[in-house]
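Here the structure is laid out as structure tokens; the discussion comes afterwards.
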Protein chains: 2
Amino acid sequence: MAGNTSRPGATVVSRVLALLGAFDENHRRLTLTELARRAELPVPTAHRLIGELTAHGALARTPSGEYVVGRQLWSLGVLAPVQTGLLEAASPFLHDLYAATLATVHLAVRDGTEVLYLDRLSGQRSVPVVSTVGSRLPLYPTGVGKVLLAHAPEQVQAKVLSSLKRITPHTITQPARLRAQLERVRSEGYATTVEEMTLGACSVAVPVRRNEADVVAALGIVVPSLRRDRPRLVAALRVAAHGIGRSISGGA
Amino acid sequence: MAGNTSRPGATVVSRVLALLGAFDENHRRLTLTELARRAELPVPTAHRLIGELTAHGALARTPSGEYVVGRQLWSLGVLAPVQTGLLEAASPFLHDLYAATLATVHLAVRDGTEVLYLDRLSGQRSVPVVSTVGSRLPLYPTGVGKVLLAHAPEQVQAKVLSSLKRITPHTITQPARLRAQLERVRSEGYATTVEEMTLGACSVAVPVRRNEADVVAALGIVVPSLRRDRPRLVAALRVAAHGIGRSISGGA
DNA sequence: ACTAGGCTTCCACTGAGCGGAAGGAGGGTG
DNA sequence: CACCCTCCTTCCGCTCAGTGGAAGCCTAGT
């Protein structure tokens with residue numbers, strides 16, 4: 001007796017990635033059992049795979065026995081072209097922008113139909129901000145997301161517009177209305193949101209262009225309200241976005 | 001016929017990590033054949049594994065057919081506790097330090113017997129700097145490395161001291177001499193190197209302490225020569241290190 | 001002492017993984 | 001145009017790496 005009943009079709013690679021995928025922003029430390037549960041794997045299987053990953057430094061074990069993402073994976077991750085050059089180039093401008101606005105500053109790119117946050121400087125804690133570096137959010141209810149969506153291929157826009165889910169009472173869920181906004185984003189050169197993702201948080205964002213053409217990222221800030229200093233914020237954002245764009249231009 | 005002759009003992013996990021490990025600072029884009037060669041795997045095996053990894057977003061394929069580290073791995077990597085809080089907290093101080101010195105600024109931690117660079121701001125290009133964010137170097141010929149080594153457990157120090165390899169004509173290869181230097185690093189509170197890693201590059205580094213006790217990181221700068229402004233550099237470094245330390249203190 | 005929970009080890013069955021071979025696809029050269 | 005060379009991709013039957021139920025551990029809580 002004994003033997004097994006492994007779910008056929010499942011590969012080791014998919015199992016390993018399921019385990020790694022169990023970690024996220026609010027689950028940076030997980031026990032064996034939690035990992036197994038979240039990856040939907042039997043505990044002994046998870047145990048063995050995790051043991052191997054740990055031996056190779058892909059995971060690490062805390063003194064208390066929990067598992068965390070290992071330094072090897074961090075070193076590997078920073079090689080990803082998400083950010084080659086972009087983050088380093090943007091850093092000083094993000095700080096300038098922060099100094100000028102004292103708001104939470106975001107640098108983000110589009111990854112499929114989501115915003116991927118590359119960097120963040122935190123402003124006043126009174127404004128609720130859900131994004132963190134490395135996290136993903138939908139494109140349509142965020143400032144940086146709207147900018148990226150406005151400059152995305154038609155195919156991507158269509159896909160996003162076809163499934164607008166209400167997140168707060170202010171989320172835009174009518175495709176036609178969002179499409180009109182995207183048109184404005186392109187003509188005006190900036191996007192805004194008013195509590196569409198989080199109550200109490202508004203945002204302003206502008207595109208970052210390489211060679212003054214392709215939109216490769218978006219730069220945004222989150223503030224408690226848009227009041228009447230919006231022009232000042234947009235101006236500050238534009239200066240920073242231009243600076244970043246100049247720093248990264250030149251390549252293909 | 002057919003069948004296989006797979007090297008026994010090799011696991012899928014080790015094969016996958018060998019493939020991922022094929023990427024490094026100077027090899028961010030690799031072709032299938034290069035990946036297979038660097039991971040010492042047969043091409044068809046590499047092909048299948050890479051295909052799966054790509055399907056899961058762990059790797060990505062460039063338009064030209066080469067493979068790069070994927071965004072999923074980047075998102076995962078930023079969850080690593082290498083840097084939770086530390087990088088974000090340090091960022092403004094690194095910029096201040098850069099503004100004050102115009103030198104290349106480094107933030108690093110110890111990973112085993114190596115320095116792991118967490119962040120870098122580039123100064124004058126005339127000074128040759130080999131480190132990059134995410135890369136590793138030996139502890140003993142670098143400024144940040146000496147600081148970290150000086151505050152490492154005796155066991156680690158012994159291991160490092162037992163295998164000092166000459167890198168430049170100025171590299172310290174006598175264990176006794178290095179041990180004396182480490183003693184000075186502890187008493188003086190800063191470390192220096194003079195072309196020990198790279199000809200034409202000198203460095204100054206100080207520890208970053210959590211709760212004014214444990215050394216959790218090191219902060220350093222690279223300059224063309226140590227001339228006579230060393231006291232000013234050390235002072236600037238200390239201010240920044242203190243600031244970072246205060247920002248991250250409080251936890252265990 | 002007993003219970004409950006999570007962690008670790010064991011092991012025999014088996015299908016997922018293996019890689020040699022062969023078949024493209026592209027590009028350079030005589 | 002024919003040839004070659006290199007790199008990419010697909011195929012497939014053998015086999016051993018991987019699997020997970022069961023059982024034993026080790027805490028911590030009652």
Taking the basic N atoms (NZ, or NE/NH1/NH2) and the acidic carboxylate oxygens, is any pair closer than 4.0 Å for [X] and [Y]?
X: B:Arg136; Y: B:Asp111; result: yes
X: B:Glu183; Y: B:Arg186; result: yes
X: B:Glu196; Y: B:Lys146; result: yes
X: A:Arg120; Y: A:Glu25; result: no

In whole angstrom, give the distance that lies between atom [atom1] of [X] and atom [atom2] of [N].
X: B:Glu34; N: D:dT6; atom1: CD; atom2: P; result: 15 Å
X: B:Leu32; N: C:dG19; atom1: CG; atom2: C1'; result: 13 Å
X: A:Glu66; N: C:dC7; atom1: CD; atom2: C1'; result: 14 Å
X: A:Ile50; N: D:dG20; atom1: CD1; atom2: P; result: 13 Å
X: A:Glu52; N: C:dT9; atom1: CD; atom2: C1'; result: 16 Å
X: A:Leu35; N: C:dT8; atom1: CG; atom2: C1'; result: 16 Å
X: B:Leu41; N: C:dG20; atom1: CG; atom2: C1'; result: 15 Å
X: B:Arg38; N: D:dC7; atom1: CZ; atom2: C1'; result: 18 Å

Look at all strands and tell whether [X] reaches a base, only sugar-phosphate, or nothing, counting heavy atoms closer than 4.0 Å.
X: B:Pro42; answer: sugar-phosphate
X: B:Val12; answer: sugar-phosphate
X: B:Thr45; answer: base
X: B:Arg15; answer: sugar-phosphate

Legend entry - Any B:Arg48 side-chain nitrogen or oxygen under 4.0 Å from OP1 or OP2 of C:dC18: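 Answer is yes, contact under 4.0 Å.
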
Legend entry - Closest listed nucleotide, where the reference is the side chain of A:Pro44 and the choices are C:dG17, D:dG21, D:dC7: D:dG21

Legend entry - Candidates C:dC18, D:dT10, D:dG20 - which lies nearest the side chain of B:His47: D:dT10

Legend entry - Pair B:Glu88-A:Ser122, side-chain donor/acceptor within less than 3.5 Å: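 On atom types as modelled, these side chains qualify, holding a pair under 3.5 Å.
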
